[in-house]
Amino acid sequence: MSNSSGGIRSWLASPTTGLEEDPAHGEHLRPATRVACAFDMQGPVDNLKAALRDAVEAAGASTDAFDKVSLEPPKEASFGDFATNAALIVAKSAGSNPREFAERLGAQLEQSLGAQLTSWEVAGPGFLNLTLGDAWYSSSLEEIRAAGESFGSADQQGEGEKVIVEFVSANPTGPLTAAGGRHAAYGDSLARILEFSGNRVEREYYVNDAGAQVNRLGQSIIARANGEEVPEDGYSGDYVIELANEIPDSASGDPDAVARVGVEILVGRIKATLERYGVQFDKWFSEATLHDDADSRVTKACDALQRGGHVFTEDGALWLRSTDFGDDKDRVLVRSGGQPTYFAADIAYHADKLARADQLIDVWGADHHGYMARMHAAVEALGDEPERLELVIMQFVNLVEGGDRAQMSKRRGDFVTLDDLLDEIGVDAARWFMLQRSHDTMVDLDLDLARERSAENPVYYVQYAHARAASVIDKAGVGVPAIPSELAELHDSEKTLIRRLASWPEELAEAAERRAPHRICAFALVLAQEFTAFYRDCRIVGAPDNERDFRIALADAAKTQIATALTLLGVSAPNEL
RNA sequence: GCGCCCGUAGCUCAGUGGAUAGAGCGCUUGCCUCCGGAGCAAGAGGUCGCAGGUUCGAAUCCUGCCGGGCGCGCCA
């Protein structure tokens, strides 16, 4: 960004480094339409909810507003295992008041759930608190274990919508920055979550290998090859000197040709960095290919807009009347000199993507939010529904060291690359720390904490719980037995853990719908904590056989779910640390 | 000036209509004959930026302010 200010993030993506965020990538807005989740309701909690729904009907109320009904473990343990606000929502439709209706609901559930329900009570304005029996816990664990690794995932993989997630797309004029690591972690994790939810997902990187910045790269390389300073607006990083040395005849070469080779090399490095980071793109889309031929896709896109009557000529330039679609200004498509703008190419690119998918998700940097309105306007002008393009805006990331927004950079003009960061804290910590906060919050990444290989570091804490589960199962030495039919009374820690496991499908759906991988981090952390509490309270090795076997099954289910969660984050789940 | 995001514990942040607002870090105090102490437990710490409004119920929704970040090119 040629015009961004200096300051805190300047060493991440600073004008003086010449590192540019991907162009054109703006801000955020949340279309009402979301990618549908392909999976059907399933799992123990859904069974309960189905029973609740039946009870609502049996008690004479409408289920029209049932999607507003919650059924979840209350914060306060004395309120039972699950609490529902159903009566508060539907009582009116039965001509009843909430407390009275909750009584009816309780009685109905008592009948339908039998031994699974130990007791119930009506509380407050009309909450119904349920206390479940060990029978429910046992059968729930059974169900979770039967589903195995796919618990919470779509019944039919790939039956959902086809989604293209475009992310990173950083200009190939320099190495990937640490900030790019946030985009990469987010986009990839979101893609994994959507895949797990049954969608067909393609990860795509838009390579801005055309336009003025590529030319500037060529000029900069040539200048360096001749031992000169780079031109104003050039790229001054040391990597340009490396490129100058690497590219044969760069001192006397044609700027475009030199630039092309430079871009090729840099794209290769970006690819390698991302691969190291665990991110694989399905498609690297070259902007230059949009400009090929006289009859290019950019020209076609402009023609299409013209046919739609959405363009006009002024001052020798061709404009899109984007104000017709909510933008605050009209935008130039073709400059008076005849060259298409970046925007025009981006429209062609999005037209191409729209033809290839049901839903588009673009992940953009926060400094591009001003670009959102025109992009949506363009989609609409093309005759498409703007909701099909979803723009997710990533806020910035700062690296913090020693309690300060740190000078990790050695000197002015340097910046922290993603590779530098990975050298410092490793892939697992980097991905976790990049993901654990919501995309619309600016984050400070604490390098000291991220480096820590102890329980103070959440990512190691979660991995530790996983390794511990593996270890104790191994130590018991009887494999993973079936859940015994005769059970001793369950410990509160066992029940708490099973409730958590059972809540996974719902949590996952939430993360998918809200495009919120950070929820998976939060879930994994709580799950690890609750597993650890169970491990502390319920001895496995040396316990009576039926208790031991039940607990092994539970530990194994927890281990599986921790591993699944970490996989969705792109973090490893080793059996030993 | 206009637009987008953010404002919750000392710090970094979860929590997009439910009951006494949570986690991690930091701080205080305990716990190793005990399946991994790379651990566990307890505690202190908050006018959810401010003011109105909607609701049986608001950190959450609406309006207006204040503060911070970012953006408003025939750049990408």
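The analysis underlying the following values was restricted to heavy atoms, covering all of them including side chains, and did not include hydrogens, waters or symmetry mates. Naming: A, B, ... by sequence-line order, numbering from 1 per chain.
There is no side-chain donor-acceptor pair under 3.5 Å between A:T496 and A:S493.
At B:C5, none of the side-chain N or O atoms of A:H439 fall inside 4.0 Å of OP1 or OP2 (strictly under the cut-off). Listed pair A:Y460 / B:C25 fails the phosphate criterion, with no side-chain N or O lying under 4.0 Å from OP1 or OP2. Taking side-chain N and O atoms only, A:R519 has no distance below 4.0 Å to OP1 or OP2 of B:A14. For the OP1/OP2 pair of B:A19 and a distance below 4.0 Å, the side-chain nitrogens and oxygens of A:K75 include at least one atom meeting the criterion. Between A:R468 and B:G37 there is a side-chain polar atom (N or O) within less than 4.0 angstrom of OP1 or OP2. Taking side-chain N and O atoms only, A:Q529 has a distance below 4.0 Å to OP1 or OP2 of B:G24. Phosphate proximity of B:C34 to A:R539: absent, as no side-chain N or O sits under 4.0 Å from OP1 or OP2. Applying the 4.0 Å criterion to OP1 and OP2 of B:C75, one finds that A:R335 has a side-chain N or O inside that range.
When heavy atoms are screened at a 4.0 angstrom cut-off, A:E72 is found touching no nucleic acid atom at all. A:A533 comes within 4.0 angstrom of nothing in the nucleic acid, heavy atoms only. A:A467 comes within 4.0 angstrom of a base, heavy atoms only. Using a 4.0 Å heavy-atom criterion, one finds that A:T441 contacts the sugar-phosphate atoms exclusively. Counting non-hydrogen atoms under 4.0 angstrom, A:V334 reaches nothing in the nucleic acid. Here A:D315 lies in heavy-atom contact (under 4.0 Å) with a base. Across all strands shown, A:K329 has heavy atoms under 4.0 Å from sugar-phosphate atoms exclusively, and none from any base. Using a 4.0 Å heavy-atom criterion, one finds that A:A373 contacts no nucleic acid atom at all. In this structure, A:L88 reaches the bases: a heavy-atom distance under 4.0 Å links it to at least one base atom across the strands shown. Residue A:N129 is classed as a base contact, given a heavy-atom separation below 4.0 Å to a base. No contact: A:S70 has no heavy atom under 4.0 Å from any strand. The residue A:N97 sits apart from the nucleic acid: no heavy atom pair falls under 4.0 Å.
Looking at the side chain of A:Y342, the nearest of the listed nucleotides B:G18, B:A76, B:A38 is B:A76. Here B:C74 is the nucleotide among B:C74, B:G36, B:G69 with the atom lying nearest to any side-chain atom of A:S336. The side chain of A:H518 approaches B:A14 more closely than any other nucleotide in the set B:A14, B:A76, B:C74. Counting only heavy atoms from C-beta on, A:A317 has its side chain closest to B:C74 among B:C74, B:G18, B:A19. Checking B:C5, B:C74, B:A76 against the side-chain heavy atoms of A:Q213 singles out B:A76 as nearest.
If you check B:U33 for Watson-Crick or wobble pairing at under 3.5 angstrom, you find it has no partner at all. B:A59 makes up no base pair with any nucleotide shown, lacking Watson-Crick or G-U wobble contacts both under 3.5 Å. As the counterpart of B:A23, B:U12 is assigned, both hydrogen-bonding distances of the Watson-Crick or G-U wobble pattern falling under 3.5 Å. Of the nucleotides present, B:G71 is the one that pairs with B:C2 by Watson-Crick or G-U wobble criteria, both distances under 3.5 Å.
Nucleotides of RNA chain B nearest to A:A210 and A:A516 differ in position, and the one nearer the 5' end is that of A:A516.
Residue ring and nucleobase are stacked for A:F127 and B:A19, with a centre distance beneath 5.5 angstrom and an angle between planes beneath 30°. Using a 5.5 Å limit on the distance between ring centres and a 30° limit on the angle between planes, the aromatic ring of A:F79 counts as stacked on the six-membered base ring of B:A19.
Using a 30° and 60° split on the angle between ring planes, A:Y205 and A:W284 fall in the parallel class, below 30°.
When the C1' atom is used for both B:A42 and B:C5, the distance is 39 Å, rounded to whole Å. With both ends at atom C1', the span from B:G71 to B:C27 equals 40 Å, rounded to whole Å. B:G49 and B:C11 have their P atoms separated by 14 Å, given to the nearest Å. Using C1' as the reference atom, B:C61 and B:U16 are 9 Å apart when rounded to the nearest Å.
Taking the six-membered ring where the residue is Trp, the centroids of A:F127 and A:F79 are separated by 6.0 Å or more.
Between A:L105 and A:L52 there is a side-chain heavy-atom pair separated by less than 4.5 Å.
When atom types are taken as modelled, the side chain of A:K353 and the backbone of A:L389 share no donor-acceptor pair closer than 3.5 angstrom.
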